[in-house]
Amino acid sequence: MSDKRYNHKDIEKKWYDFWIEKKYFEAESKSDKPSYCIVIPPPNVTGSLHIGHALDITLHDIMVRWKRMSGFNTLWLPGTDHAGIATQNVVEKNLQAEGIDRHVLGREKFIEKVWEWKKLYGGTIINQLKSMGASCDWSRERFTLDEGLSKAVKEIFIRLYGEGLIYRGDYIINWCPRCQTALSDLEVEHEDVKGKLYYIKYKLAYEDGYITVATTRPETYLGDTAVAVNPDDDRYKDLIGKTVKLPVLNREIPIIADEFVDASFGTGAVKVTPAHDPNDFEIGRRHNLPIIKIMNGDGTMTEEAGPYRDQDRFTCRKNVLNDLEDLGHLEQVKDHDMAIGHCYRCRTIVEPYLSKQWFVKIKPLAEEAIKAVREGDVKIIPSGWENSYFAWMENIKDWCISRQIWWGHRIPVWYCKSCDEVIVSAETPKKCKCGSDNLKQDEDVLDTWFSSALWPFSTLGWPDNTDDLKTFYPTSVLITGFDILFFWVARMIMMGLKCMGKQPFDHVYIHALIRDSAGQKMSKSKGNVVDPLEMTGKYGTDAVRFTLAAYAAQGRDIKFDEKRVEGYRHFLNKIWNVARFITMNIDDNTEIKPVKELPKDVLSLANRWILSRLSTVCSEIDTALKEYRFNDSASILYQFIWHELCDWYIELIKPELYGEDIEIKNATISTLLHVYEVALALLHPFMPFITEEIWQTLPSPKDAESLCIRKYPVAEEGIKDSDAEEKMGVIMDVVTGIRSIRGELNISPSLELKALIKTLNGSENILNENIPYITKLARTGEIEIGKDIQAPKNSATAIKPSMKIFVPLEGVIDVDAEIARLTKERDKAEDNVAFLKRKLHNKEFINKAPKAVIEETKVKYKDSLEKLSIADVSIEKIKQWGKSDGDQNNG
RNA sequence: GGGCGGAUAGCUCAGUUGGGAGAGCACAGCCCUUACAAGGCUGGGGUCACAGGUUCGAGCCCUGUUCCGCCUACCA
């Protein structure tokens, strides 16, 4: 505490260990207290903490610590996600580095390797969350591949299958040739590119002439089984029913008519490749076209591609184009803007690919989920996101949930090799009902997001009816970035409603994305990534947390600037030094009493004022947090502590602390301690470490052994006192008035000034009673106060609503500077008068504006008018003094 | 193609029912006043993107325009 600067090193771990040891973060399965629960968005087990997590964690922890302190049975349930494709990729790469191919290793051995890897490195991100101060209940930590969660996954799969909401079938899905798995629509990231549109001539089979089709993927012509035109397209009417021959392959395919074709695009004729395009697949179905697969799962061409077999898909495209050109089939090539889908895990260009996959029939689930938000069972904050939610939900497509990878929840389905029976079961079946034991389990695993969708209840013990489930479901709020609104939030709502019959959370708070200070999305390749751990190491976790909270305004992206962190570290230092100030002003004779026991008559104006302000701050923080206005709460605390507590209050009470009156001194130090202690408590959710460190050493009366279980302050902790606030306003006016004169006229702060105050509306009592405040803060010596004070010679003037302040400046005054200063004020007043006059003379305004506004305007007008006239008089006087000074000097 | 959001001080951003615009940082001047120089005091700085409209009154509401960002989509 003796150090002038706050040093975060060593402190953070000490307190975190203490909290854990005391089990403060552990929730009760059964409790009389109201419950508050947040489940963490589980980070990928392969992950390491990035700035987005840091924001997530900070906002979570603020809410959770606030509620815990407010007396709720609070559960913040942590865990990690097995992140199927991502984790498999990581381990696969590691094995490759050792020269091991996973296919050689085999499925079982490979999964063992992943578990080993998980045991070694899976704790990394968890430890990083802890270093952020996250007050999670670690005794309830979960992993999406835990036994319990796996049970939940199987249970829901079987249930949905039984209801016909899960089905298997051959469809065109998104296929990543590198990961060699299906992807859901959401897992494909579209990127706009300037591509080409190739016009290819198909010659008619039995007569001269040709039809030209336009395509962006010329290599797929190898799989064409028809050419389609719009039935109403006059250009092609005669060709319908005829056939063309595909170049090179010489396969004969029909020209068909289909409503889908847009006659205005390209040539109005579309090549139809049912195995490699979702629309073509539909057309193919309608017309019973053959389906020809020309590409393998790894992106090479099949033998159906004839001379191009085994070629990579992009090499094949080049060769196809060359050959078509050589043979005179390439009519033209046009620039064409389009969007190309990439795998969200490995950035490989995805292929629309025909294969047998499992799907969730999603519409019935989506309807309920739409209703839940529309009827307010789930409230999305900020509400603007509701539009996106509805738009997506209303156009939702069936969800492809099978993945051709090894790491994940294996689909609980077995196929009988003897009779084609499909057995869906939580346990491994021994025999088929046909009697055969020749059963084989489906090779695929489920989409990771399928298990994530169950997270809010699977983590609480579902499908068992546990106490945790009864106590904490529905959870209170889900806090996350908008990037996983559809991936995760929407699916949780659907599954929560389906399994639990209730929404998984009452609120969804969507926070912004963090960008770099130039507004660019952070990415490793750009090298603009801010490492939160580097930040916390440098500035302390509390400073980083407070920065993120202060940045977290609703509905706007965050442009993260390290300088802002530095600024808030200064704030921590400021807070730290208040503690030092208190310590220095307490000795063995100091008697500290609870504020409630202090007689009101020993409380000085400053004490009453700060208590009143504290009271307001308490209720403002409460409102802001309730509405998830994190930035507002941060700024309220910053403003109050730095400017009101430090700049005004502590300076005001110095005379009382250094004075002789022991009773007043005790009352003041008790008040200071109280306000500071409450402020620390208010701050604790935002900056847990420094507040606990200071709080523990504070000689205040305490009723808790740690700040994190102290009752969160509410408005009674201060005493609202408008009389004190009004009076302090007058004192502040005097002080700032004199300070302005000093500052603008460049008078040394060390020079003691005399002040004469002419009161205008009975403020002399207030002033007379509080002279020490003025002398201390404005550095004045003698002060004269009265209604009839006359402006002395050679004085500067400050004009305030309830008084005129004169500061005689014999010897130090710069006449021209003071005239300039007053003229500036005069002009401002004149502008005001003109403006307000115009307004009040406006008949429409008088007729139509609310009375309160008119009254207010009138008062402002009067004040401005008065200020103008005072300024005029003052300027006149000082000019004369200037002259007479000149006379004296001359004479 | 559809939708959403943004444009306010040099920078980053607040601005909650429409009543002459605020903060932090940066900048300038003065100060090492015994909590803090990672500090104190004072000050300068804005056509609220542009053009219309509604209103007594618009940063805020309406229409259009420009620029930027994002989401979403099966026009090959």
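In the text below, chain A, chain B and the rest are named by the order of the sequence lines, each starting its count at 1.
Residues passing the salt bridge (Lys or Arg N to Asp or Glu O under 4.0 Å) test with A:Asp398: none are found, sequence neighbours excluded. Considering only residues two or more places apart in sequence or on other chains, A:Glu331 meets the salt bridge (Lys or Arg N to Asp or Glu O under 4.0 Å) condition with none of them.
Among the atoms of the strands shown, none is found under 4.0 Å from any heavy atom of A:Leu513. When heavy atoms are screened at a 4.0 angstrom cut-off, A:Ala391 is found touching no nucleic acid atom at all. A:Tyr658 comes within 4.0 angstrom of sugar-phosphate atoms only, judged by non-hydrogen atoms across all strands, and of no base. Here A:Pro352 lies out of heavy-atom contact (under 4.0 Å) with every strand.
The distance from atom CD of A:Gln639 to atom C1' of B:G22 is 10 Å, rounded to the nearest whole Å. Atom-to-atom, CZ of A:Arg779 to C1' of B:U34 comes out at 12 Å; the value is rounded to the nearest Å. When the P atom of B:G15 is taken as reference, atom CD of A:Glu627 falls 12 Å away, rounded to whole Å. Rounding to whole angstrom units, CD1 of residue A:Ile510 and C1' of B:C4 are separated by 14 Å. As a whole-Å value, the separation of A:Ile846 CD1 from B:G19 P is 18 Å. A:Ile558 places its CD1 atom 15 Å from the P atom of B:U12, with the value rounded to the nearest Å. Regarding A:Tyr551, its OH atom lies at a distance of 11 Å from the P atom of B:A14, rounded to whole Å. Atom CZ of A:Arg564 and atom P of B:G24 are 11 Å apart (whole Å).
With C1' as the reference atom, B:U54 and B:G64 are 15 Å apart, rounded to whole Å. Taking the C1' atom of each, B:G39 and B:U55 are spaced 49 Å apart, rounded to whole Å. B:C62 and B:G6 are spaced 12 Å apart, taking the P atom of each and rounding to whole Å. Atom C1' of B:A49 sits at a distance of 37 Å from the matching atom of B:C41, rounded to the whole Å. Nucleotides B:A23 and B:G40 have their P atoms positioned 15 Å apart, rounded to a whole Å. Going from the C1' atom of B:G15 to that of B:G24 covers 15 Å, rounded to whole Å. If you take atom C1' in B:U42 and the same atom in B:U47, they sit 28 Å apart, rounded to whole Å. B:G43 sits 29 Å from B:A7 when the C1' atoms are compared, rounded to a whole Å.
A:Phe686 does not carry A:Arg545 over the face of its six-membered ring by the limits of under 6.0 Å from the centre and within 45° of the normal.
In this structure, A:Phe546 and A:Tyr568 have perpendicular ring planes: the angle between them is above 60°, well past the 30° mark. A:Tyr628 and A:Tyr509 have parallel rings, their planes meeting at less than 30° on a 0 to 90° scale where 60° marks the start of perpendicular.
For A:Tyr568, no side-chain nitrogen or oxygen approaches OP1 or OP2 of B:A23 to under 4.0 Å.
In this structure the side chain of A:Glu394 reaches within 4.5 angstrom of the side chain of A:Ile370, judged on heavy atoms.
Comparing A:Gly384 and A:Lys860 against RNA chain B, the residue whose closest nucleotide sits nearer the 5' end is A:Gly384. Map A:Arg629 and A:Leu645 each onto its nearest nucleotide of RNA chain B; the residue landing nearer the 5' end is A:Arg629.
Of the candidates A:Tyr353, A:Trp399, A:Phe359, A:Phe359 is the only one forming a ring-ring contact (aromatic ring centres under 6.0 Å, His included) with A:Tyr171.
Centroid-to-centroid, the aromatic rings of A:Tyr638 and A:Trp642 come within less than 6.0 Å.
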Mind listing the N/O atom pairs, protein and nucleotides 72-76 of chain B, below 3.5 Å?
{"from": "B:C74", "atom 1": "O2'", "to": "A:Asn279", "atom 2": "ND2", "distance (Å)": "2.7"}
{"from": "B:C74", "atom 1": "N1", "to": "A:Asn279", "atom 2": "OD1", "distance (Å)": "3.4"}
{"from": "B:C74", "atom 1": "O2", "to": "A:Asn279", "atom 2": "OD1", "distance (Å)": "2.6"}
{"from": "B:C74", "atom 1": "O2", "to": "A:Asn279", "atom 2": "ND2", "distance (Å)": "3.1"}
{"from": "B:C75", "atom 1": "O2", "to": "A:Asp262", "atom 2": "OD2", "distance (Å)": "2.6"}
{"from": "B:A76", "atom 1": "OP2", "to": "A:His336", "atom 2": "NE2", "distance (Å)": "3.3"}
{"from": "B:A76", "atom 1": "O2'", "to": "A:Ala214", "atom 2": "O", "distance (Å)": "3.3"}
{"from": "B:A76", "atom 1": "N6", "to": "A:Asp262", "atom 2": "O", "distance (Å)": "2.5"}
{"from": "B:A76", "atom 1": "N6", "to": "A:Phe265", "atom 2": "O", "distance (Å)": "3.1"}
{"from": "B:A76", "atom 1": "N1", "to": "A:Asp262", "atom 2": "N", "distance (Å)": "3.2"}

Provide a list of protein-nucleic acid N or O atom pairs under 3.5 angstrom, restricted to nucleotides 58-60 of chain B.
none

Requested in this report: Step by step, work out the side chain to side chain contact (heavy atoms under 4.5 Å, CB included) result for A:Ile669 and A:Asn585.
Outcome: CA-CA 8 Å; A:Ile669 199 86; A:Asn585 284 286; 3.9 Å; yes
Report task. Please test A:Lys271 against A:Thr220 for side chain to side chain donor-acceptor pair (under 3.5 Å), starting from the C-alpha separation and ending with a verdict. Result -> CA-CA 9 Å; A:Lys271 56 191 276 316; A:Thr220 60; 2.6 Å; yes
Query raised in the report: Can you list the steps and then say if A:Gln332 with A:Tyr198 is a side chain to side chain donor-acceptor pair (under 3.5 Å)?
Result: CA-CA 6 Å; A:Gln332 60 168 327; A:Tyr198 303 94; over 6 Å; no
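For A:Tyr638, the side-chain atoms get nearest to B:C25 when compared with the rest of B:C25, B:G19, B:C70.
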Query raised in the report: In dot-bracket, 5' to 3', how would RNA chain B read with Watson-Crick or G-U wobble pairs under 3.5 Å, [ ] for crossing ones and | for pairs to another strand?
Result: (((((((..((((.....[..)))).(((((.......))))).....(((((..]....))))))))))))....
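Closest of all the heavy-atom pairs between A:Trp392 and A:Ala490 is CZ3-CB, 3.7 Å. In plain terms, the two heavy atoms of A:Ala543 and A:Leu572 that are nearest each other are N-CD1, 3.7 Å.
The environment of NZ in A:Lys776 is crowded: more than 12 heavy-atom neighbours from other residues, nucleotides or ligands sit within 6.0 Å.
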**Report entry** Nucleotide-resolved protein contact map, nucleotides 36-42 of chain B, B/S/- at heavy-atom distance under 4.0 Å
**Finding:** BSBSSSS
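In this structure a side-chain-to-backbone donor-acceptor pair under 3.5 Å is missing from A:Asp277 to A:Thr273. With hydrogens and angles disregarded, a donor-acceptor distance shorter than 3.5 Å links the side chain of A:Thr623 to the backbone of A:Ser619.
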